[in-house]
Amino acid sequence: MTSLLEAPADPAVERRRAVQAAAASSLGRRKFASMVALGICWLFLLIAVVPLVAVIGYVIAKGLPAWNADFFTNSTVPEGYPGGGVWNAIVGTVVITVIATAVAVPVGLSCGLFLAESDGRAAAVLRFTADVMTGIPSIIVGIFGYIAIVRNFGGYSGFAGAFAIGFIMLPVIVRAGETAFRGVPRSLNEAALALGARRSTVARRVVVPTALPGVITGVLLAVARGLGETAPLLLTIFGNQYLQWNPSKSMEALPILIYNYSSQPYADLVQVAWGAALLLMVVVLVLSIGSRLVAAYLRKERR
Amino acid sequence: MNTRNATFARHGRRTASLAAIGLAAAALLSACSSSSSSSTTTTTTAPGGSLAGNNAAYLAADLKAPGGSLNASGSTFVQPFFSAAFYKYTGLNQALQVNYQGVGSGAGITAFQSGTVAFAASDVPMAASDLAKMPANSGPVIQVPDILGGVAMAYNLPGVSTRIKLDGPTLAGIFDGSITMWNASQITALNPGVTLPSHAITPEVRADSSGTTYIFTDYLQSANPTAWTLGTSKTIAWPSAALQTPKNSGVASSILSTPYSIGYVELSYAIQNKMSYAAVKNAAGVYVVPSPATVAADADQKTGVSSTDFSIVNQAGATSYPIAGYSWAILLQKQTSATTGAQVVKVIDWTTHTGGGQDLAAGLHYVALPPAVQNQNRTQLLTVTGPSGKALLTK
Amino acid sequence: MTTIEALPSAPSGRGRRRALPDKWYRGILGVVALLFGALAVWFLVAVIIQAKPAFSTLGFSWIVGKVWNPTHNQYGLLPFILGTIESTAIAVVLAVPIGLGTAIALAFLVPSKVRPALSTTVELLAAVPSVVYGLWGLIVLAPLFREHVEPFLTSVFGWTGLFNGPDRGVGLLLAGVILAIMILPTMVAISRDVLIVVPTEQVEGAMALGATRWQVLRKVVVPGGRTGILGAFTLATGRALGETVAVAMVIGNAPFIAHSLKAPAATLPSLIVNNFGESTGTELSALFGAGLVLLVIGIVVNSAARWLVWSTGADAAGAELGR
């Protein structure tokens with residue numbers, strides 16, 4: 001409602017007109033800036049995806065040629081000898097991870113249950129402790145494992161390695177467990193209690209089954225993390241060129257085999273390192289994707 | 001000098017024929033002998049001497065060691081040899097596995113002091129200060145040579161196909177940082193006719209506590225008494241220009257992937273990975289290419305080695321390669337378990353004698369221990385006892 | 001009269017097992033929780049006890065000493081503290097903008113059909129084991145850096161004085177880049193979760209005022225999520241600080257303060273992992289001391305991160321990603 005003949009009366013109107021004029025005149029510049037900035041965001045997305053494709057691509061390209069029957073059934077051999085494989089490392093990794101998981105899951109979930117049911121000061125301290133523990137650098141867990149187990153129990157062993165890996169997995173399971181258990185609706189809890197069930201029954205029959213998808217996600221993530229840890233194993237299991245099922249003896253594991261073979265000048269050993277890297281990566285990726293699928297299932301169920 | 005080479009070749013043949021005679025007599029001897037403390041007779045008429053006659057009997061008994069598994073760790077200098085030897089041993093005595101991890105001489109000694117390994121391997125024997133750190137009641141420590149090897153100066157020089165020559169002063173200069181370019185005057189002076197690139201030198205050294213470092217710096221100190229100031233040790237304060245990598249295998253791998261680098265690695269690594277390595281000037285002024293023969297020539301100059309007098313670098317002789325050394329197996333004299341002790345002493349005995357592990361040495365570019373040294377080893381190993389005091393090495 | 005049926009007896013589960021009395025149930029859980037706490041205490045006490053001899057022999061100033069030379073009894077940690085900080089700084093400088101940009105792209109720009117797949121792809125970076133990153137970095141990236149990346153950077157940025165020295169491939173720069181790749185998924189995942197929860201009214205209000213999409217992002221969304229983004233940044237930093245093997249494989253292991261991005265360096269974790277096996281006495285104790293320093297730094301950074309992430313209500317499961 002403006003015309004050149006009207007006197008400019010209202011300063012508010014003036015301001016609005018000035019703003020609109022500024023907006024209109026700057027629109028081109030702002031649109032351009034927006035296009036550039038968003039373009040950079042797209043570029044960054046691309047940059048973020050490139051390393052993943054590169055790493056996975058290289059590991060597959062260099063590791064797949066190493067995969068043959070011998071690779072999975074024979075133990076490691078000295079350089080220059082034919083028919084070597086990583087079976088001893090696979091066995092070691094599996095044994096150590098199974099022991100670590102077998103201890104960390106019950107303990108971690110019990111702690112998670114305790115924390116989910118408590119709100120007191122003690123619980124707060126424990127919660128903080130668990131969070132801090134997830135951030136402890138794994139090399140320090142390794143040196144702790146060395147002085148706690150290797151020194152006190154007469155030498156390197158699979159148990160020492162399982163102790164260190166379990167130590168790393170435990171706080172992850174505790175926090176994931178607590179989150180999952182807290183996610184169970186209180187109404188379910190209270191209904192069960194009202195029916196006269198004891199707390200342990202409620203836990204066993206209501207809380208844990210309902211929280212199971214979340215618990216499984218957390219456990220799978222913890223296992224995936226434990227599988228990838230190298231530093232703690234370097235200081236606790238010593239390595240073993242031979243097949244060893246007994247966890248009280250020194251064992252081999254895929255991460256330390258990769259670490260040791262990666263800086264070898266012998267091409268056949270480097271080939272074995274790539275093959276082992278591919279194996280480890282595939283297992284960890286499968287577990288991670290699996291945990292994601294469970295989480296997605298969980299979200300769908302809830303909706 | 002040709003006589004020395006000829007003598008060396010002759011003594012090799014003599015050893016072989018003696019061993020044959022010994023084998024033939026073994027049956028008779030083992031039937032008659034009852035005590036395990038029979039002394040061995042040696043003759044010292046030639047460098048290295050000759051092997052005792054009852055060698056085969058001991059070797060046969062070595063392969064009957066009790067079953068189980070042993071952990072051992074230490075030197076990466078000896079790792080290619082030990083890997084092959086222990087692999088062969090387990091092939092012959094499937095009940096006993098010897099798990100050897102190459103972690104560096106220093107870490108091997110530390111593991112031995114902590115009691116986490118049954119025996120250790122180090123290219124420099126435990127010194128008095130190391131022995132002082134052993135637990136109070138562990139008793140005496142036995143250290144025996146287990147192989148003889150050389151340290152090659154391996155390099156990566158794109159575009160240079162002739163083998164380069166280096167001497168003590170230039171090597172000292174390269175590794176203490178005073179010579180920084182490949183075409184420095186000191187290096188070009190030694191290599192007339194070779195076009196050296198105008199590029200910075202990357203010295204490749206060990207990051208970890210290494211017996212190979214000890215042997216190399218021992219040579220540098222011996223060849224440059226005043227000019228080399230960084231000392232002789234398993235750990236050296238290298239200049240910042242040097243690229244540090246753990247283990248012999250790591251250094252070899254680093255040299256292979258870093259152009260214009262030069263580093264020190266055990267000869268086996270250099271040959272097996274087809275690296276270029278330098279001819280080094282020895283004490284007689286001759287530029288010698290490292291090889292099992294030239295390493296043996298150097299070792300033959302000094303056969304009376306012991307754990308307190310072990311350096312064989314920079315010896316006299318026209319064909320001696322100056323950077324050479326023994327690697328040492330380290331074990332307790334008084335073993336805490338008769339079974340483990342028997343396993344340890346028999347494996348080491350088998351590995352350090354002709355007819356056993358030493359037969360693999362040549363194929364891996366090491367030098368087998370001279371017979372005199374082998375005989376000395378056995379004498380020492382015969383003193384190893386279990387907790388009851390009974391000797392563990394038997395025929 | 002109505003009859004009241006007796007209540008059916010409590011289900012006895014499998015067989016005739018009775019459920020635990022509540023006291024026992026709480027008691028057992030409490031004991032387990034206590035054991036967990038005791039484990040944490042044991043850990044702390046053990047590391048402190050092992051580190052103590054170094055502090056009694058050497059005092060406290062050795063933590064910032066410049067020279068690490070055990071044969072001469074010198075145990076300065078400064079080169080490793082600086083190496084840790086510098087490699088982390090490079091990683092953060094690279095990962096934060098790229099991570100934030102990727103998070104923005106994933107949260108707002110990418111078509112919703114493709115979004116879950118792409119998000120998962122980026123987050124899978126976190127699942128690759130660190131030793132595989134080290135292997136790839138050493139064998140694939142190091143030659144690439146030595147032949148192409150470092151000469152290029154030196155020619156373009158050499159004037160800054162940050163690119164002195166020969167092109168080696170391994171060194172501080174490569175370690176920083178590998179770390180950046182490793183912490184990128186953390187940055188992306190948490191930032192994206194934080195950006196999504198900014199209230200739609202604010203976003204729509206800004207758009208109604210005629211703001212371009214970038215202006216909406218810059219003035220409304222990102223500032224709205226800034227605490228969470230800060231938390232993501234701190235969490236990513238905490239992870240980079242503690243990374244051991246991937247860094248040890250590509251950083252060059254030089255116990256010196258690096259004066260160039262291309263120089264080899266060392267970090268507190270790489271110092272410990274390389275020297276632990278061969279150390280005894282004071283040196284071993286000094287390594288535990290280095291571990292203690294690392295622990296303190298890591299705990300401080302991670303605690304700050306978690307507090308920041310929580311206070312925005314971002315998905316707690318997202319915060320548990322990877323290592």
Side-chain angles (χ1 to χ4, degrees), chain A residues 23 30-31 33-34 37-38 40-42 44-45 47-49 51-52 55 58-59 107 110-111 113-114 126 129 131-133 135-140 143-144 147-148 172 174-176 179 196 198-201 221 224-225 228 230-231 234-235 255 258-259 262 273 277 280-281 284-285 288 292, chain C residues 10 19-20 22 25 29-30 32-33 36-37 40 43 46-47 50 98 101-102 104-106 109 120-122 124-125 127-132 134-136 138 140 181 184 188 210 212-215 238 242 244-245 249 269 272-273 276 288 291 294-295 298-299 302-303 306 316-317 320 322-323:
Chain A
R30 287 184 292 120
K31 269 189 172 169
S34 180
L38 294 181
I40 292 180
C41 287
W42 277 105
F44 281 175
L45 174 63
I47 293 179
V49 170
L52 178 76
V55 171
Y58 263 105
V59 175
V107 174
S110 306
C111 289
L113 202 52
F114 175 85
L126 269 176
T129 307
D131 276 325
V132 165
M133 272 172 83
I136 295 179
S138 60
I139 180 65
I140 308 185
I143 63 182
F144 172 57
I147 50 172
V172 177
V174 167
R175 292 299 279 127
T179 311
R198 294 211 169 125
R199 308 261 305 255
S200 63
T201 315
L221 275 177
R225 177 167 166 182
T230 316
L234 279 172
L235 302 181
I258 300 170
Y259 182 76
S262 63
L280 191 63
M281 194 182 72
V284 172
L285 281 180
S288 300
R292 247 162 257 283
Chain C
L20 277 174
D22 280 357
Y25 167 75
L29 283 192
V32 175
F36 174 69
F43 166 79
V47 175
Q50 292 297 321
I98 297 181
T102 309
I104 291 175
L106 283 175
L109 304 180
T120 312
T121 311
V122 175
L124 280 180
L125 275 177
V128 176
S130 59
V131 69
V132 175
L135 178 68
W136 177 71
L138 185 63
V140 176
I181 298 175
L184 196 58
V188 168
T212 59
R213 284 195 298 168
W214 175 238
Q215 278 183 310
T244 310
V245 276
M249 288 160 97
I272 300 173
V273 78
F276 194 78
F288 274 95
L294 185 62
L295 199 58
I299 288 179
N302 274 297
S303 308
R306 277 174 204 284
E320 298 304 328
R323 62 207 81 78

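Only a predicted model underlies this, so the values are computations on that prediction, with no experimental measurement involved. The chains referred to below are lettered A, B, ... by the order of the sequence lines, with proteins before strands, and numbering in each begins at 1.
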Could you pull out the closest heavy-atom pair between [X] and [Y], with the gap in Å?
| X | Y | answer |
| --- | --- | --- |
| C:G291 | A:I140 | O-CD1, 3.0 Å |
| A:K31 | C:T212 | N-CG2, 3.9 Å |
| C:P129 | A:G228 | CB-CA, 3.9 Å |
| A:F114 | C:A33 | CD2-CB, 3.6 Å |
| C:M249 | A:S262 | CE-OG, 3.1 Å |
| C:D22 | A:R199 | OD1-N, 2.7 Å |

**Message:** For A:Y58 and C:W136, take the angle between the two ring planes, folded into 0 to 90°, and tell me which bin it lands in: parallel under 30, tilted 30 to 60, perpendicular over 60.
**Reply:**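 Rings of A:Y58 and C:W136: tilted, 30 to 60°.
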Answer yes or no: is there a side-chain heavy-atom contact under 4.5 Å between [X] and [Y]?
| X | Y | value |
| --- | --- | --- |
| C:L109 | A:L45 | no |
| A:I136 | C:L295 | yes |
| C:T121 | A:L52 | yes |
| A:I143 | C:F276 | yes |
| C:F288 | A:I147 | yes |
| A:S138 | C:T244 | yes |
| A:L234 | C:V245 | yes |

Please state whether the side chain, the backbone, both or neither of [X] comes within less than 4.5 Å of a heavy atom of chain C.
| X | answer |
| --- | --- |
| A:L235 | side chain |
| A:A48 | both |
| A:L38 | both |
| A:S110 | both |
| A:V59 | side chain |

Is it the backbone or the side chain of [X] that comes under 4.5 Å from a heavy atom of chain A, or both, or neither?
| X | value |
| --- | --- |
| C:V32 | both |
| C:I104 | side chain |
| C:L138 | side chain |

**Request:** Just give me the residue among A:V174, A:I40, A:V55, A:L280 that pairs up with chain C most often, heavy atom to heavy atom, under 4.5 Å.
**Result:**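 Option with the greatest count: A:V55.
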**Among the listed options A:T129, A:T201, A:L126, A:V107, the residue most often paired with chain C at heavy-atom distances under 4.5 Å** = A:L126
**Message:** Applying the side chain to side chain contact (heavy atoms under 4.5 Å, CB included) criterion to A:P137, which one of C:L294, C:I272, C:I299 satisfies it?
**Reply:** C:L294
Among the options [options], pick out the one with the most heavy-atom pairs lying under 4.5 Å from chain A.
| options | result |
| --- | --- |
| C:W214, C:Y25, C:F36 | C:Y25 |
| C:A46, C:G242, C:G238, C:G101 | C:G101 |
| C:V273, C:L106, C:L135, C:I181 | C:L135 |

**Prompt:** Quick one: OG on A:S200 to CG on C:L29, what's the gap to the nearest 0.5 Å?
**Reply:**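 Here the interatomic distance stands at 9.5 Å.
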